[in-house]
Number of protein chains: 8
Amino acid sequence: GFARVDFHRERRKEFAEVIFAQNKTPEETALIAQKLYERHGRFLATRVSKDHFDAIKKLIPAATYNERAQTSACYQEGDPRPGTPLIITAGTSDLPVALEAEETLKFAGFKPLTLFDAGVAGIHRLFASIDLIRKADVIIAVAGMEGALPSVVAGLVSCPVIAVPTSVGYGANFQGLSALLTMLNSCAPGIGVVNIDNGFGAAALAISILGLKEK
Amino acid sequence: GFARVDFHRERRKEFAEVIFAQNKTPEETALIAQKLYERHGRFLATRVSKDHFDAIKKLIPAATYNERAQTSACYQEGDPRPGTPLIITAGTSDLPVALEAEETLKFAGFKPLTLFDAGVAGIHRLFASIDLIRKADVIIAVAGMEGALPSVVAGLVSCPVIAVPTSVGYGANFQGLSALLTMLNSCAPGIGVVNIDNGFGAAALAISILGLKEK
Amino acid sequence: GFARVDFHRERRKEFAEVIFAQNKTPEETALIAQKLYERHGRFLATRVSKDHFDAIKKLIPAATYNERAQTSACYQEGDPRPGTPLIITAGTSDLPVALEAEETLKFAGFKPLTLFDAGVAGIHRLFASIDLIRKADVIIAVAGMEGALPSVVAGLVSCPVIAVPTSVGYGANFQGLSALLTMLNSCAPGIGVVNIDNGFGAAALAISILGLKEK
Amino acid sequence: GFARVDFHRERRKEFAEVIFAQNKTPEETALIAQKLYERHGRFLATRVSKDHFDAIKKLIPAATYNERAQTSACYQEGDPRPGTPLIITAGTSDLPVALEAEETLKFAGFKPLTLFDAGVAGIHRLFASIDLIRKADVIIAVAGMEGALPSVVAGLVSCPVIAVPTSVGYGANFQGLSALLTMLNSCAPGIGVVNIDNGFGAAALAISILGLKEK
Amino acid sequence: GFARVDFHRERRKEFAEVIFAQNKTPEETALIAQKLYERHGRFLATRVSKDHFDAIKKLIPAATYNERAQTSACYQEGDPRPGTPLIITAGTSDLPVALEAEETLKFAGFKPLTLFDAGVAGIHRLFASIDLIRKADVIIAVAGMEGALPSVVAGLVSCPVIAVPTSVGYGANFQGLSALLTMLNSCAPGIGVVNIDNGFGAAALAISILGLKEK
Amino acid sequence: GFARVDFHRERRKEFAEVIFAQNKTPEETALIAQKLYERHGRFLATRVSKDHFDAIKKLIPAATYNERAQTSACYQEGDPRPGTPLIITAGTSDLPVALEAEETLKFAGFKPLTLFDAGVAGIHRLFASIDLIRKADVIIAVAGMEGALPSVVAGLVSCPVIAVPTSVGYGANFQGLSALLTMLNSCAPGIGVVNIDNGFGAAALAISILGLKEK
Amino acid sequence: GFARVDFHRERRKEFAEVIFAQNKTPEETALIAQKLYERHGRFLATRVSKDHFDAIKKLIPAATYNERAQTSACYQEGDPRPGTPLIITAGTSDLPVALEAEETLKFAGFKPLTLFDAGVAGIHRLFASIDLIRKADVIIAVAGMEGALPSVVAGLVSCPVIAVPTSVGYGANFQGLSALLTMLNSCAPGIGVVNIDNGFGAAALAISILGLKEK
Amino acid sequence: GFARVDFHRERRKEFAEVIFAQNKTPEETALIAQKLYERHGRFLATRVSKDHFDAIKKLIPAATYNERAQTSACYQEGDPRPGTPLIITAGTSDLPVALEAEETLKFAGFKPLTLFDAGVAGIHRLFASIDLIRKADVIIAVAGMEGALPSVVAGLVSCPVIAVPTSVGYGANFQGLSALLTMLNSCAPGIGVVNIDNGFGAAALAISILGLKEK
Ligand SMILES: Nc1ncnc2c1ncn2[C@@H]1O[C@H](COP(=O)(O)O)[C@@H](O)[C@H]1O
Ligand SMILES: Nc1ncnc2c1ncn2[C@@H]1O[C@H](COP(=O)(O)O)[C@@H](O)[C@H]1O
Ligand SMILES: Nc1ncnc2c1ncn2[C@@H]1O[C@H](COP(=O)(O)O)[C@@H](O)[C@H]1O
Ligand SMILES: Nc1ncnc2c1ncn2[C@@H]1O[C@H](COP(=O)(O)O)[C@@H](O)[C@H]1O
Ligand SMILES: [Mg+2]
Ligand SMILES: [Mg+2]
Ligand SMILES: [Mg+2]
Ligand SMILES: [Mg+2]
Ligand SMILES: [Mg+2]
Ligand SMILES: [Mg+2]
Ligand SMILES: [Mg+2]
Ligand SMILES: [Mg+2]
């Protein structure tokens, strides 16, 4: 029969404990977190508002909250997994998206490097950190406004670059469309793009890429 | 001084011999191909029309042409590099884009697996090949129309999935916009998206991912 | 004369008692509900906020409110009409739209089946319910984000599938545009699409389809 | 095991013999037509150019061509199936799309009624045929430009209306976008929309709806 | 010199006393109203919020407020000017836009006829009032959602029809874009379109048209 | 009964003899022209290609062709109707659209004034003709690129201004979208907009406006 | 080594002390302002809300706030720099954007001329100030709605015109898109466009242009 | 009177002899060129096809043609005007747009510097020419695809940067929209943007900027 073919086993194991809270009520979110926590001893929730966290906290007192990342979690750190992800942002306003990625990577057992506020308008900031950049096995490049950062980064390294457009900007930015189109049209080879503001998705792709080190 | 810092060394080595012919005249393309061929003993050109190839052929008689992939190349196959890329397409119309990716992967030294015409409207075609799919280190999923293939594939595996929207379709497809948005909004974690019809870019990302196996 | 040709008789009889509250004040809505209730002994209102309902409640104390569906109604259930509609959602966030459809179908005298949170990223959830799916005379498939659910469902059945895109998602989702385009471009035959978040419209189409069973 | 679950049996049987020629070479199209014709004794192809048909004709001399519908077919008419589909167009320019729908319905065994050039700018044309319109079990309403026809039709009947926007028009029509949006936003209940110019898809939905008469 | 050529005299005289309050503070609006009132003995302001009106009221105690039209005015009615404008709306939700037009026409000295909630989904409502419709010298047709009303109206009369799309609707309505495109693409001759929700602009055009009666 | 109410009588009489050739074959166009010519002794066709005209010429040897306007016609000029329409264009590239309007006005019996190549970038050209402009009862202002002409014109006169955006331009013009949006957002009161490149529609609106002079 | 090449020296010196507060918390903004003030004895912040300013005021008591410009600053005026910038707005609603530009120019040491509420619908207002306009070395033209002002201005002068679209308007204005497209498509030579509502950017460009006077 | 105020004198003198041939017939273009050549002894035409040039050549035998720039001209070089414009392109495909700018600058009497194929994906190419870049009084930065070049350039200099998006690219480039949005959203101060592919417009802005050196 059908049910015995476990199609969903592989990928699911990695992300089964991550909750997307945005479209859920605080109560729903807290209940799912509790269920996951009881079954697996761990959970991570993204897009968690203060209200969401208050509800979680009541059911899981040990849960923590990263307000800027809008994530809540409860898990025990194990030995770090092999592989070095690096998160770079163009500006300080891109931080929440970068931190969502960072929290997801940590939850998955990685120790991400970070380099914030290194946008291309002042390109010396990027070059000053070239040694750090060269250490990475995979780079998550987060940028709003014109979103040129991933193009420049991908011209400097040979590892895969995950481009995350953010909705930071105004006017002809059209809520991140500008940065999204920039990244999709990059002349630099080796770039994969995720949805606007999708720090979680960038981390998820980084994790599946780093998985090659363990095969 | 500045010039001695070789910023561009790393990635460049991988793609220095690839020519994007689309916006070049046949003569320009042939001359660049010849120059690369003389210096490196190899070249690959993408978006190569019949006219482009005729010009190349005059200067490099050993050059070959893959008409459907719209690529021309001349190189000696070496020992295959480690790592298994798989290219899946939703329909037969997506073939040119898939073949551009395949030619690029071969040029870079990989032996890509392929699974064509496996779209989600007849999802049994995908499931019948589940063993093949599970062999891949990285999957390039190519689809036009509604572009749902990468979502389904990424739900079945844990390796990274590179999603390539194609311009195949009509009406509300808006030259590939529909498939592009589908892929960017996928609920399935582990997907990176490239530009519409960008088979080369998908291969370039796959190559940088597979590079982790050689580190 | 003109007025004696009753053009509007047929369809009108089915939906004359349904109020679209969104652009009406609570007082207007309540007054219309009361007028319909007095004339027909029944009414249904959609897009009903808490304020709307409070006003209705004052005039029709027997009226009920489904907060998640945002519907209010008052009617007596009769014998169920022939035909089996099934409502499927991709995620829990699509629930309000699905429930609007469910309430409309119930009001029209049908007994809808439901299958919630069965999105394609974890396609086993859908297949586990294949027997339920095959029972349907018409299926309402509700999905946000990339909106791939109707494509997969329509590949599994021969009955008509009504696709409802929802505005659930963020970034390149563009308030439901992504799911809408996906559904319009579906390769799977047998799909009709309604407006974003239009649970009522999906039910209305299902009702007119199920009407064929009574002809 | 998996292969024995025949997920795709139901819907597939209806449309297995229909070829979408648009993105295929004449030779590919002819070969697929021949294969289908040998196995099932019948085939239908849509979006068939003159070149496509010439290639088909060589392999299947009995094949016919409807140039305006851009369809080619070869099959034996059987007894008509129960159910009355009606195809209405707003203008003569919408004919090719309407004829694609008509040919598909005929191939599936139905005898469609037709009412062409009955757009809303001269609404008397529609009303003059009110008796014909009332005979239908399902109506396919085809319109370009502002696309208001399905709204008016759905206000006159209680059967399901399938709305097909066409790319007929210019300027702010944006290749059919105008008619598409009109149809999706219709105030009249009982409308399902298909892709721009998708006469085949409209017929496919009509067929699955009419299937209820045979259950 | 330049200043003596009074380019702006003609049109200006008609609309010099109309204030667009939307982007002004209550205080600014009130001050401009007062200045106009002192100089001309009359004023009209559109897009007037309750706060705006409170500020006006303090300076011009005789000023009145039409809350639904969002207009405030103070003037003495004179003898009606020749010409019969008619305002038709598709639904009750289009009322505020229609009332802005009505107030502007009254301020200019006209006596507009009105016909509200006469949308095309129940086209009998329109036909029942055919005699009223035929009385008009110019018709302002206001509609949201799919916006088909002006097309149908323009098919019934020979006078000019001014089409006003409204932002009433949701989803693929895109804040009035759907109705706007419908109106621009109308097959019916004799239609001029104004901006979304621009009741004032429709009245201004009607007034300049009716001016021909006085030439 | 219904048929006796002649809803379509009024407007129809004005435009019954105008053919929109764009989506018709030469043969169809010629046959319709012939039928109209036989019944009414006159016809006008717009969007007429050379091929269209050749077919018309065979059936109606007296037919004439205005190649730049893309119109063909055959009728006898009568006494001019009262009312003075004026057509202004911003540039010479807007001529075909302006001429389509001019031919339509002539066919309807008017004697249009014209003022071509008077765009706002060299605003002195407009002012030099201020006396001509002030003569008009209705103005058709035709402009591509940024489309600012109608705004400036409407600031100088009190008669109605019909704004026709053209697709003249490139890049961020988006085939006339830029001029269309400019005209819809004009600050100057008294403007009605028609579809991009719709010279016929502008004339049709002008004709229905000038009809007030004959009431 | 790299760090000694001071790539960023030149432009940076001009704008190093300007803070973009919009995406920063009040605390962050105040701390950065303080740091700049300590190092350079001056700072300017744009997009400063009342909350931002309160936080700044606590750390820098001498800081001033321009509420309408949404700027805060603290610096000593020096001798004016050579060069005459002029800021023109179409309407009073465009004032905040114009004032942001003015404050930036003053901070950079210039004495900007201003001409507000001079839009093209009443073009005499512009011409009445022709002498002022001719004095400018560079003009910043700020306009919302249809945004035609820069076209007309650039037709009157030979100095560079910086066009700033604003988001003032409604409906088909699409938050400034209309004015943006108008300005990009202007027929008048000598115009450079900046982002919607970007008064700062316009001033920054003006400053770099005026820099030529000091070379 | 009006005519004596010569509003158009200033800017007009600079560009009176430049023809935009794109929407003109070869004959019209040649006649205008001849008229200008006779009056001023010089002319420049842009967007000139081979057919255009053939017609010009017949009337002005001394006229020259730059096929890649698509310009034709006839004039005598005078002494160079003060000021150093620099044109940089991202790729070789951007050349036609850059050459249109170059020809326009030369025609106006400037000696432009050029730096072609210096895109940001290989940013070392840009830095290797830093001395050349620093020489410029104004820079025209031309780029397609993601269009990041102006951002990086403007981070390196203090002179004004004119950003020209090109339509080079495919897919999500949307005919230059991607590069256009990138440039409008640039974080780097000192950038003015012109229309997609508008090399002439960029030069026109550069010329009006360089005019400050002559004041
Ligand atoms: N911030 C996020 N953005 C997109 N997807 C997410 C995010 N956080 C979690 N997810 C995904 O959402 C899934 C859970 O969705 P749900 O069942 O609706 O809570 C997880 O397995 C993740 O794949
Ligand atoms: N099909 C393609 N799509 C996008 N980029 C490509 C493609 N083929 C080659 N390239 C890139 O183009 C570069 C060469 O560009 P060029 O110097 O303009 O020939 C190579 O290094 C690749 O990075
Ligand atoms: N949620 C909904 N979305 C769209 N249409 C609706 C909805 N609910 C009710 N309607 C329709 O709106 C009509 C009533 O509109 P109204 O007269 O404005 O209350 C009903 O006859 C239904 O056809
Ligand atoms: N609701 C409205 N929409 C568009 N324009 C308006 C509106 N109300 C008034 N106006 C116009 O705005 C002008 C006054 O604008 P202002 O000087 O900004 O108050 C009047 O002369 C009218 O032409
Ligand atoms: Mg920063
Ligand atoms: Mg297939
Ligand atoms: Mg879920
Ligand atoms: Mg017709
Ligand atoms: Mg109603
Ligand atoms: Mg001209
Ligand atoms: Mg004003
Ligand atoms: Mg290159």
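In the text below, chain A, chain B and the rest are named by the order of the sequence lines, each starting its count at 1. Just so it is clear, the structure is predicted and the values come from calculations on it, not from any experiment.
Looking at Ile209(B), the atoms closer than 4.5 Å to chain A (heavy atoms on both sides) sit in the backbone and in the side chain alike. Residue Leu180(B) touches chain A through its side chain alone, counting heavy-atom pairs closer than 4.5 Å.
Residues Pro160(A) and Leu212(B) are in side-chain contact: their nearest non-hydrogen atoms beyond the backbone lie under 4.5 Å apart.
Taking CG from Asn185(B) and CD1 from Ile196(A), the interatomic distance works out to 8.5 Å, rounded to the nearest 0.5 Å.
A 6.0 Å sphere centred on CD of Glu214(B) holds more than 12 heavy atoms belonging to other residues, nucleotides or ligands. Applying the 6.0 Å contact sphere to CZ of Arg39(A) captures no more than 12 heavy atoms from other residues, nucleotides or ligands.
When the candidates Leu184(A), Leu181(A), Ile207(A) are compared by the number of heavy-atom contacts under 4.5 Å with chain B, Leu184(A) comes out ahead. Between chain A and the residues Leu210(B), Val194(B), Val193(B), the most heavy-atom pairs under 4.5 angstrom are made by Val193(B).
Residue pairs meeting the salt bridge (Lys or Arg N to Asp or Glu O under 4.0 Å) criterion with at least one member in residues 177-200 of chain B, sequence neighbours excluded, do not occur.
The shortest heavy-atom contact between Ser158(B) and Ser208(A) is O-CB, 3.3 Å. Considering every non-hydrogen atom in both Ala204(A) and Pro189(B), the closest pair reads CB-CB, 3.6 Å.
Contacts from residues 136-143 of chain A to chain B, taken as heavy-atom pairs separated by less than 4.5 Å, involve Ala136(A), Asp137(A) in sequence order.
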